[in-house]
Every structure is written in structure tokens, then in C-alpha cells.
Student: 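Below is one structure. I have some questions about it.
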Amino acid sequence: MVEEVGNFQEGIHATNYWNNYLSNKFQNSDIALYGREVESLNGKWQYGIDQYDTCLRQKWWEEHYFDEEGRAFPIDWSFDTWENMSVPSNWNMYDE
């Protein structure tokens with residue numbers, strides 16, 4: 001029997017890992033721009049190709065690097081090493 005260690009074992013073998021990610025998505029109807037300040041997102045953005053959905057499986061958007069006892073989680077990516085691209089654009093134009 002395989003022992004689960006925090007999110008590590010669950011994140012590797014879960015088949016419904018998309019559910020957590022998709023539940024946080026906004027729809028156009030959820031956002032009312034009337035009377036609000038608008039901020040442009042144009043500029044340099046970092047991107048990374050996640051062809052095996054590793055970041056989604058490990059819930060990268062939560063950015064938890066340590067457990068409750070201060071032990072580091074095994075992380076297979078580093079946001080600091082992701083490539084930069086100009087936005088608006090398409091990451092397919094920057095890398096094959």
C-alpha cells in the first residue's frame with residue numbers, strides 16, 4: 001500500500017485534478033466592469049509549458065511550498081526560470 005504524504009501522492013494519481021482548477025474560473029457574466037478602474041495586462045509575462053499537467057495536479061496556483069510542520073514539498077517547477085513573452089501575444093509564437 002502506498003502512503004499519502006500531503007498533496008504529493010494524491011496529486012500524481014488523481015484523475016479528476018481538473019475539477020479544483022476549473023471550479024475557480026470566472027465567467028464573463030461574473031465580472032461587472034461598469035464604474036470600475038481597468039488595468040492593462042500588456043507587458044512582459046512569464047510562461048511555462050505544462051504538457052503533463054504537473055502544475056495543475058500539484059495546485060501551483062496556491063503556491064504552497066511547505067507543509068504545516070515546515071517541511072518542503074517536492075516541486076517540479078520554478079516560476080523564476082520560466083521564459084518571458086510580450087502580452088498580448090501567443091506563447092506558440094515564442095517556442096515550438
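Each residue takes its place number in the sequence, starting with 1.
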Student: Test of understanding: clusters of I, L, V, M, F, W, Y form through side-chain heavy atoms closer than 4.5 Å, transitively. Do Tyr65 and Leu56 belong to the same one?
Tutor: yes
Student: Atom CZ of Phe73 and atom CZ of Phe66: how far apart are they, to the nearest 0.5 Å?
Tutor: 10.0 Å
Student: Which residues satisfy the side-chain hydrogen bond (donor to acceptor under 3.5 Å, both in side chains) test with Asp67, sequence neighbours excluded?
Tutor: Arg71
Student: Among all residues two or more places apart in sequence or in another chain, which pass the side-chain hydrogen bond (donor to acceptor under 3.5 Å, both in side chains) test with Ser86?
Tutor: Lys44
Student: List in chain and number order the residues that pass side-chain hydrogen bond (donor to acceptor under 3.5 Å, both in side chains) with Asp50, two or more places apart in sequence or in another chain; answer none if no residue qualifies.
Tutor: none
Student: Give the minimum heavy-atom separation between Trp82 and Tyr47, together with the two atoms involved.
Tutor: CB-O, 3.2 Å
